[in-house]
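Report on one structure; see the data block that follows.
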Amino acid sequence: MMQKKEMVTANRNVYHEVERKNQALSLVKKQLEESRLSAQRMSLMMENLRRCTARFLTKLTKSKQGVPSNHQLQEMIHKLNEELSRLVKQIASTLIKDGQASASLADGDVSEMLRLQKMPGFSSVTRA
């Protein structure tokens, strides 16, 4: 009788241990699936970043840029930053020259700067 009771207790312990292992396995499977999906999303985002960077730089430089590899992406982003800085400086100098020229124009003439200031959204761009 005592042996049977011990066997039942041992069997119950085995079942409980199997259930704990199954729960742990389910948790690890869930974490694996979440990590796999996250890696897939990150891979897609990197691909989009590489393609968009190449397209944007192509538009700025007016010369065809190939899609960079992951290792070339940093260099292309630096090149993009340089082009944007150059364009911002060019626009700023044009606006300054236009502002100086508009000061010397007659009242009937409309300068490029005044025309820009009248455009919708100009105030939100200057605040940024």
Side-chain angles (χ1 to χ4, degrees):
M1 194 63 125
M2 193 63 125
Q3 267 184 345
K4 190 173 185 180
K5 199 175 193 180
E6 288 174 3
M7 283 180 62
V8 168
T9 303
N11 286 343
R12 191 178 305 131
N13 288 341
V14 169
Y15 288 132
H16 286 299
E17 183 66 24
V18 168
E19 184 62 31
R20 282 192 293 272
K21 297 289 183 184
N22 279 339
Q23 287 175 348
L25 181 61
S26 295
L27 179 65
V28 169
K29 281 182 179 179
K30 182 181 176 185
Q31 290 173 341
L32 175 66
E33 182 64 19
E34 289 171 354
S35 295
R36 187 185 65 75
L37 289 173
S38 177
Q40 188 178 26
R41 281 191 302 267
M42 290 297 242
S43 177
L44 287 173
M45 283 191 272
M46 284 298 293
E47 181 65 24
N48 285 338
L49 177 64
R50 290 178 27 230
R51 290 183 185 279
C52 289
T53 303
R55 270 196 321 255
F56 194 35
L57 192 56
T58 296
K59 292 208 183 271
L60 289 177
T61 60
K62 294 180 177 46
S63 66
K64 179 77 173 142
Q65 303 289 326
V67 177
S69 69
N70 287 337
H71 300 291
Q72 296 167 329
L73 183 61
Q74 182 178 6
E75 182 181 323
M76 187 169 273
I77 289 174
H78 285 297
K79 198 184 299 183
L80 181 62
N81 186 35
E82 290 170 2
E83 282 298 316
L84 286 172
S85 295
R86 183 185 63 77
L87 284 173
V88 166
K89 287 177 185 175
Q90 183 181 2
I91 290 169
S93 89
T94 301
L95 289 174
I96 289 170
K97 286 176 187 175
D98 190 47
Q100 291 169 350
S102 68
S104 64
L105 290 177
D107 289 336
D109 295 331
V110 178
S111 71
E112 187 70 18
M113 184 62 179
L114 292 174
R115 191 174 64 78
L116 285 173
Q117 288 174 339
K118 291 178 183 177
M119 293 179 79
F122 178 80
S123 61
S124 63
V125 171
T126 56
R127 276 187 248 131

Fellow cluster residues of [X], listed by chain then number, with links counted only when side-chain atoms sit under 4.5 Å apart:
X: Ile77; value: Met46, Leu49, Leu73
X: Met42; value: Met45
X: Val28; value: none
X: Met76; value: Phe56, Leu57, Leu60, Leu80, Leu84, Leu87

Check side chain to side chain contact (heavy atoms under 4.5 Å, CB included) between Ser43 and all other residues, then give those that pass, not counting sequence neighbours. none
Test of understanding: with side chain to side chain contact (heavy atoms under 4.5 Å, CB included), list the residues that count as partners of Ser69, not counting sequence neighbours. His71, Gln72
Minimum heavy-atom distance Ala54-Gly66, with the two atoms named: CB-O, 3.6 Å
Where at least one partner belongs to residues 68-83, residue pairs that pass salt bridge (Lys or Arg N to Asp or Glu O under 4.0 Å), sequence neighbours excluded: Glu83-Arg86
Enumerate, atom names and distances included, each donor-acceptor pair closer than 3.5 Å involving a side-chain atom of residues 9-22, sequence neighbours excluded.
residue : atom : partner : partner atom : Å
Thr9    : OG1  : Lys5    : O            : 2.9
Asn11   : ND2  : Met7    : O            : 3.4
Asn13   : ND2  : Thr9    : O            : 3.4
Glu17   : OE1  : Arg20   : NH2          : 2.7

Could I get the full list of side-chain hydrogen bond (donor to acceptor under 3.5 Å, both in side chains) partners for Thr58, not counting sequence neighbours? none
Quick check: are there more than 12 heavy atoms from other residues, nucleotides or ligands sitting under 6.0 Å from CD of Glu34? yes
For Arg36, the salt bridge (Lys or Arg N to Asp or Glu O under 4.0 Å) test, sequence neighbours excluded, returns Glu33
Report the residues that fulfil salt bridge (Lys or Arg N to Asp or Glu O under 4.0 Å) with Glu47, sequence neighbours left out, ordered by chain and then residue number. Arg50, Arg51
Just verifying a value: how many Å separate Leu27 CG and Leu32 CG, rounded to the nearest 0.5 Å? 11.5 Å
Lys89 side, atom NZ; Ser85 side, atom OG - distance, nearest 0.5 Å: 6.0 Å
